[in-house]
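For reference, the structure is listed below as structure tokens.
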Amino acid sequence: MKRAGFSHRWLPILFLVPQLAIIFVFFYWPALHAIRSSFFLQDPFGFGENFVGLKNYTAMFKSAAYMRSAWFTVIFTVLVTVLSLSIALLLAVKADKVIRGAKTYRTLLMWAYAVAPPVAGVIGLVLFDQSWGPIKDFVALFGWDFRLGVNYFDTAFAMIFVSVWKQLPVNFIFFMSGLQSIPKSVREAALIDNRSASGRFWDVTFPLLAPTGFFLLITNITYALFDTFGIIDTIVKGKPGNNPMTLVYKVYVDGFRGNDLGGSSAQSVVLMILVLALTVFQFRLVERRIHYT
Amino acid sequence: MTVSKRFRWSAVLDHSILIMGALLMILPVVMLLQMASTTDVHTMKNGPGLVFGDQLPLNFQKAMFKADGFTGANTGVRMLYNSMILGFGFAIGKIVVGMMAAYAIVYFRLRFATLAFWVIFTTLLLPLEVRILPSYEIVQKLGMLNTYQGLIIPLIASATATFFFRQFFRAIPEELVEAARIDGAGPIKFFVDILVPLSRTMIAAMFIIMFIYGWNQYLWPTMITTDEGMYTLVRGIKQITQVNEGTNLPEYGRSNLLSIIAILPPVLIVIFFQRWFVKGLTESDK
Amino acid sequence: MAQVTLNNVRKVYPNGFEAVKPASFAINDGEFVVLVGPSGCGKSTMLRMIAGLEDISSGELNIGDRVVNDVDPADRDIAMVFQNYALYPHMTVAKNIGYGLKNRKIPADQIAAKVQEAATMLNLTEYLDRKPSQLSGGQRQRVAMGRAIVRDPSLFLFDEPLSNLDAKLRNQMRIEIKALQRRLGVTSVYVTHDQVEAMTMADRIIVMNGGVIEQIGTPSEVYHSPASTFVASFMGAPPMNLLNGHAAGGRVRVGDHDLHHHDQDRPLTVGIRPEDIVPDTTGPLQINVSLIEELGAHRLLHGTLQDQAITIHVGKDHPVTTGPIYAAVKPNAVSLFDVESGMRL
């Protein structure tokens with residue numbers, strides 16, 4: 001608050017009401033509802049519900065399908081995060097270095113931020129098409145018989161490929177802005193102290209980018225967990241079947257399609273806890289970041 | 001340093017990496033466009049190729065005016081219109097609600113300011129996706145399925161814009177509100193005369209980010225709109241790929257062109273308002 | 001025009017910190033009063049309470065013949081110039097100056113005339129259509145002044161208005177502000193941590209430290225008869241020499257040097273301004289000079305008197321060397337302070 005803030009009885013309340021009303025109806029109510037539902041078993045025909053305690057949770061962790069999906073989510077998240085962060089960092093460092101065409105490169109590398117995830121999924125469907133997909137044709141040269149939507153591993157590969165592609169621009173933009181916020185004087189000092197360009201990168205640039213990197217790490221994990229929904233849904237063409245799926249996608253499939261409200265709610269609650277933990281972790285990093293600069 | 005420019009292998013390497021990166025981002029979309037320029041029969045036999053055909057106008061015609069489903073309501077034009085409403089409605093709603101709340105928190109002496117702050121900022125912790133089913137139920141209870149309100153308002157229930165404007169307002173020098181108070185400006189006047197004009201670039205940056213975010217929504221529109229006349233472009237793509245799946249001759253031209261139309265407005269915004277876009281993105285996510 | 005009276009005005013923050021201890025003083029109509037002190041001494045809080053930007057915890061504040069404790073800043077008939085100018089960045093110079101008038105519902109043509117008048121007075125006429133970002137620091141300062149004078153207030157408040165300017169501009173603006181205030185005859189309260197500004201601009205100076213008023217007086221009184229060792233060391237550059245001394249048998253001595261007379265037998269602090277010590281080969285003080293600071297118009301000699309640090313101010317014509325010299329103290333130039341409380345005796 002500003003020290004010379006206004007003292008007014010009802011005006012600030014009036015300003016806060018729209019935000020608070022929306023939040024209570026569409027955030028707190030559903031979130032609490034999800035927590036409550038996770039302890040109940042709903043009748044599939046809509047006739048009431050029974051309190052079942054932690055049964056939904058124990059059933060969930062015992063379910064082979066759930067654990068399979070959980071493991072896939074972990075691997076998917078790690079690969080998407082690591083790959084898109086490292087490729088984006090490489091591109092950002094190069095785009096920051098070149099003088100000729102720097103602006104053009106920047107535009108070409110960031111525009112895809114605006115591509116909606118399902119469209120990215122459509123692109124994946126074309127690239128890996130069974131009859132003439134260019135990437136499918138390419139890997140066939142090495143004897144890889146790529147079968148999207150049939151082979152579990154191949155489908156996972158396509159999902160990761162498209163998810164990385166879609167996330168590159170965000171990471172690129174943040175790394176660029178991180179690079180540009182390194183003071184010119186620091187770069188010049190490094191230029192005098194170290195004649196090797198790669199030495200300068202690892203000793204000076206990389207550590208100074210660490211705060212951006214930490215921040216992006218969390219962003220990417222959140223992205224891989226939640227925002228890839230559209231990509232996955234498009235690539236499996238709405239038919240999950242035996243295909244790999246992330247936990248968020250499973251919440252949707254079990255709850256919305258399978259009508260298992262209690263089980264789906266329990267999955268939601270687990271995801272909530274996961275996100276909460278990530279955010280707390282992020283806030284602590286942000287706190288530490290203040291000391292860094 | 002030598003004055004004459006030396007040929008440097010490292011520069012060649014840098015440019016090669018960048019060109020490869022740029023191609024990686026662009027080629028897939030060029031490919032969609034190429035496929036949309038040939039006949040569907042040609043595409044089905046050969047897939048994407050290097051030569052552009054002459055079918056773009058025809059496919060454009062189909063993309064904009066043809067509809068799937070029973071009602072025939074989800075033409076490209078209709079979906080474009082719905083996407084615009086979602087994009088603008090979400091961005092404007094979020095900015096107005098967020099600015100007002102941030103103003104109340106930063107510029108007023110409120111007894112329960114800390115409580116309000118926490119109540120609002122807890123929403124940053126949980127994305128819509130983890131509470132998607134109960135949210136759906138509530139929208140259903142309120143009779144807001146297949147309405148624009150039902151589409152837009154629940155998406156506003158996270159405080160990203162509020163948080164962003166709070167940070168921005170806090171960085172505005174204290175003396176400005178003091179000078180305004182001595183100049184006789186009350187809370188409303190200060191907001192309208194000083195704070196809003198001062199936030200213009202911030203509003204623009206936020207608008208761009210929020211418009212793209214709203215436009216690109218997929219899961220929520222998929223759940224909330226069953227009426228084909230309410231489909232947005234991004235949501236409509238799913239239906240088209242599903243229809244394609246079930247036919248002997250999929251409409252590649254039409255679906256690919258629709259995909260391109262679906263990404264065109266946000267992509268153009270990113271390209272033409274690049275500075276504001278980058279500002280909005282890098283400053284809002286902190 | 002107005003008189004300002006403070007009656008036991010006090011500021012306590014919710015966390016219990018007492019920023020201003022109960023203070024009472026009166027500022028006369030048309031007077032230029034400078035509040036000076038180190039940062040955190042409460043001078044800004046005092047000014048902000050007068051402005052109405054900070055609530056008064058207890059006591060009574062009068063502007064003119066009104067008690068204004070609960071009056072809104074806009075209704076106190078005051079104008080304020082801020083340290084960072086607080087210009088509205090999106091408004092032109094003319095709009096910045098006229099904004100307060102517009103809020104008072106004054107007709108547009110009258111506002112334009114008043115803005116023009118103020119701009120002429122401040123040499124701002126060519127800049128009226130520019131935005132603050134297109135102006136230099138000095139010009140922004142003038143716009144802030146313009147915003148204040150256009151309102152014809154009964155009281156001007158200045159919050160360190162010159163501290164963002166470079167040294168040369170600061171000297172120039174100091175003179176301009178003072179001249180403008182003389183011309184308009186408006187009562188003014190000016191906050192600064194710069195004792196030179198305080199000395200040169202003030203009719204009266206209020207020296208504050210730790211939320212307490214240490215002294216109120218004319219620049220000359222504050223300089224030559226400081227009320228405490230704090231005032232003695234805060235006002236003047238270099239500050240007054242403060243030496244440990246002792247009074248016995250009617251004589252005040254520092255070491256074995258006889259300096260002054262005092263009736264009681266007690267230890268005390270002896271204060272002498274550097275320019276009140278003059279080199280004199282027959283003088284009673286033996287000072288060991290270790291360092292000479294050349295300042296062009298004069299020099300400062302730093303050294304010791306009986307192992308206590310001491311500084312002497314000498315004219316440029318006086319030949320100086322390091323090593324022992326003899327000096328005398330000008331008559332009536334010695335201040336005596338209590339050792340414990342630091343108060344003037």
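The basis for the numbers below is simple: all heavy atoms, side chains too, and nothing from hydrogens, waters or symmetry mates. Lettering of chains follows the sequences in order, A, B, ..., and the numbering in each one begins at 1.
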Would you say that B:L124 contacts A:T279 through its side chain, given a criterion of any heavy-atom pair below 4.5 Å between the two side chains?
no
Interatomic distance, CD1@A:I87 vs CD1@B:I17, rounded to 0.5 Å, equals 11.5 Å
Looking at A:I173, A:L271, A:L32, which makes the most heavy-atom pairs under 4.5 Å with chain B?
A:I173
Of the listed B:I269, B:L233, B:N46, the one with the largest count of heavy-atom pairs under 4.5 Å with chain A is B:N46
A:L261 vs B:E137 side-chain heavy atoms within contact, under 4.5 Å
yes
How close do A:L108 and B:I26 get, counting heavy atoms only, and between which atoms?
CD2-CD1, 3.1 Å
I'd like to know which of B:L23, B:T43, B:I188, B:L13 tops the heavy-atom pair count under 4.5 Å against chain A.
B:T43
To the nearest 0.5 Å, what is the distance between CD (B:E129) and CG (A:L247)?
13.0 Å
With a 4.5 Å cut-off on side-chain heavy atoms, are A:P134 and B:P48 touching?
yes
Rounded distance (nearest 0.5 Å) linking atom CG of A:L91 with atom CG of B:D14:
11.0 Å
dist B:K279:NZ -> A:S177:OG (nearest 0.5 Å) comes out at 11.5 Å
Pairs involving residues 10-25 of chain A, ordered by first then second residue, that meet salt bridge (Lys or Arg N to Asp or Glu O under 4.0 Å) (sequence neighbours left out)
none
With a 4.5 angstrom heavy-atom cut-off, which part of A:V25 approaches chain B: side chain, backbone, both or neither?
both
Those residues that, when tested against B:S158, pass side chain to side chain donor-acceptor pair (under 3.5 Å) (two or more places apart):
B:K94
Closer than 3.5 angstrom, by distance alone: can the side chain of B:N216 be matched with the main-chain N or O of A:P117 as a donor-acceptor pair?
no
Test log, rule side-chain contact (heavy atoms from CB on, under 4.5 Å), inputs B:V267 and A:Y113:
CA-CA 8 Å; B:V267 166; A:Y113 171 86; over 6 Å; no
For the atom pair CZ (B:F121) and CD1 (A:I23), what is the distance rounded to the nearest 0.5 Å?
8.5 Å
Which bit of B:I153 comes within less than 4.5 Å of chain A, counting heavy atoms only: side chain, backbone, both or neither?
both
Can you tell me which of B:L264, B:V234, B:I132 forms the most heavy-atom pairs within a distance under 4.5 Å of chain A?
B:V234
When the 4.5 angstrom heavy-atom criterion is applied to B:P127 and chain A, the contacting part is side chain
In terms of heavy-atom proximity below 4.5 Å to chain B, should A:M176 be classed as side chain, backbone, both, or neither?
neither
Where does B:M35 contact chain A at under 4.5 Å (heavy atoms): side chain, backbone, both or neither?
side chain
Shortest non-hydrogen pair, A:V275 vs B:V130, comes out as CG2-CG1, 4.4 Å
Among B:F191, B:W215, B:Y213, B:Y136, who wins on heavy-atom pairs under 4.5 Å with chain A?
B:Y136
For a quick test of reading the model, state the closest non-hydrogen atom pair linking B:V270 to A:W111 and the distance between them.
CG1-CA, 3.9 Å
Let's go through A:F6 and B:R109 carefully: what are the C-alpha distance in whole Å and the side-chain angles of both, what is the deciding distance for side-chain contact (heavy atoms from CB on, under 4.5 Å) to 0.1 Å, and is it a yes or a no?
CA-CA 6 Å; A:F6 295 104; B:R109 297 175 199 201; over 6 Å; no
In terms of heavy-atom contacts, does NZ of B:K141 have more than 12 from other residues, nucleotides or ligands at under 6.0 Å?
yes
Where do A:P12 and B:A104 come nearest, in terms of heavy atoms and distance?
O-CB, 3.5 Å
When only pairs under 4.5 Å are counted, which of B:V96, B:I19, B:N256 shares the most heavy-atom pairs with chain A?
B:I19
Under 4.5 Å from any heavy atom of chain B - which part of A:L168:
side chain
Once side chain to side chain donor-acceptor pair (under 3.5 Å) is applied, do any residues pair with A:S264, and if so which ones, sequence neighbours excluded?
none
Polar side-chain atom of A:Y252 near backbone of B:L219 as donor-acceptor pair, under 3.5 Å:
no
Given side-chain contact (heavy atoms from CB on, under 4.5 Å), test B:V278 with A:M110 step by step and report yes or no.
CA-CA 9 Å; B:V278 171; A:M110 70 169 65; 3.9 Å; yes
Can you tell me which portion of A:I35 sits under 4.5 Å from chain B's heavy atoms? Options are side chain, backbone, both or neither.
neither
Any side-chain heavy atom of B:H15 sitting closer than 4.5 Å to one from A:R100?
yes
From the list B:T123, B:L142, B:L128, B:L155, side chain to side chain contact (heavy atoms under 4.5 Å, CB included) with A:F26 holds only for B:L142
Name the region of A:F172, side chain, backbone, both or neither, that has any atom closer than 4.5 Å to a heavy atom of chain B.
neither
Taking side chain as everything from C-beta outward and backbone as N, CA, C, O, which of these in A:Y105 sits under 4.5 Å from a heavy atom of chain B? Side chain, backbone, both or neither.
side chain
Closest-packed option against chain A by number of heavy-atom pairs under 4.5 Å, given B:P187, B:P265, B:A22:
B:P187
Under 4.5 Å from any heavy atom of chain A - which part of B:L133
side chain
Residues B:T122 and A:F27: closest non-hydrogen pair is O-CZ, 3.9 Å
Output the distance between atom NZ (A:K97) and atom OG (B:S10), rounded to the nearest 0.5 Å.
4.5 Å
In terms of heavy-atom proximity below 4.5 Å to chain A, should B:A185 be classed as side chain, backbone, both, or neither?
backbone
Hey, is CZ on B:F273 packed in by over 12 heavy atoms from elsewhere, all under 6.0 Å?
no
Shortest non-hydrogen contact from A:F174 to B:T282?
CE2-CA, 3.5 Å
Measuring heavy-atom distances to chain A, does B:I156 have an atom under 4.5 Å in its side chain, in its backbone, in both, or in neither?
both
Check the pair B:M31 / A:V126 against side-chain contact (heavy atoms from CB on, under 4.5 Å), numbers first and verdict last.
CA-CA 9 Å; B:M31 181 184 73; A:V126 173; 3.3 Å; yes
Quick one: which residues of residues 13-21 of chain A reach chain B at under 4.5 angstrom, heavy atoms only?
A:I13, A:L14, A:F15, A:L16, A:P18, A:Q19, A:L20
Can you tell which part of B:L18 gets under 4.5 Å to a heavy atom of chain A, answering side chain, backbone, both or neither?
both
Between A:L90 and chain B, with a heavy-atom cut-off of 4.5 Å, which part of the residue counts as in contact: side chain, backbone, both or neither?
side chain
Flag side-chain contact, heavy atom, 4.5 Å: A:T234 against B:K238
no
So, the part of A:V122 with a heavy atom under 4.5 Å from chain B: the answer is side chain
So for A:S268, is it side chain, backbone, both, or neither that comes closer than 4.5 Å to the heavy atoms of chain B?
both
For A:W132 together with B:Y252, are the ring centres under 6.0 Å from each other?
yes
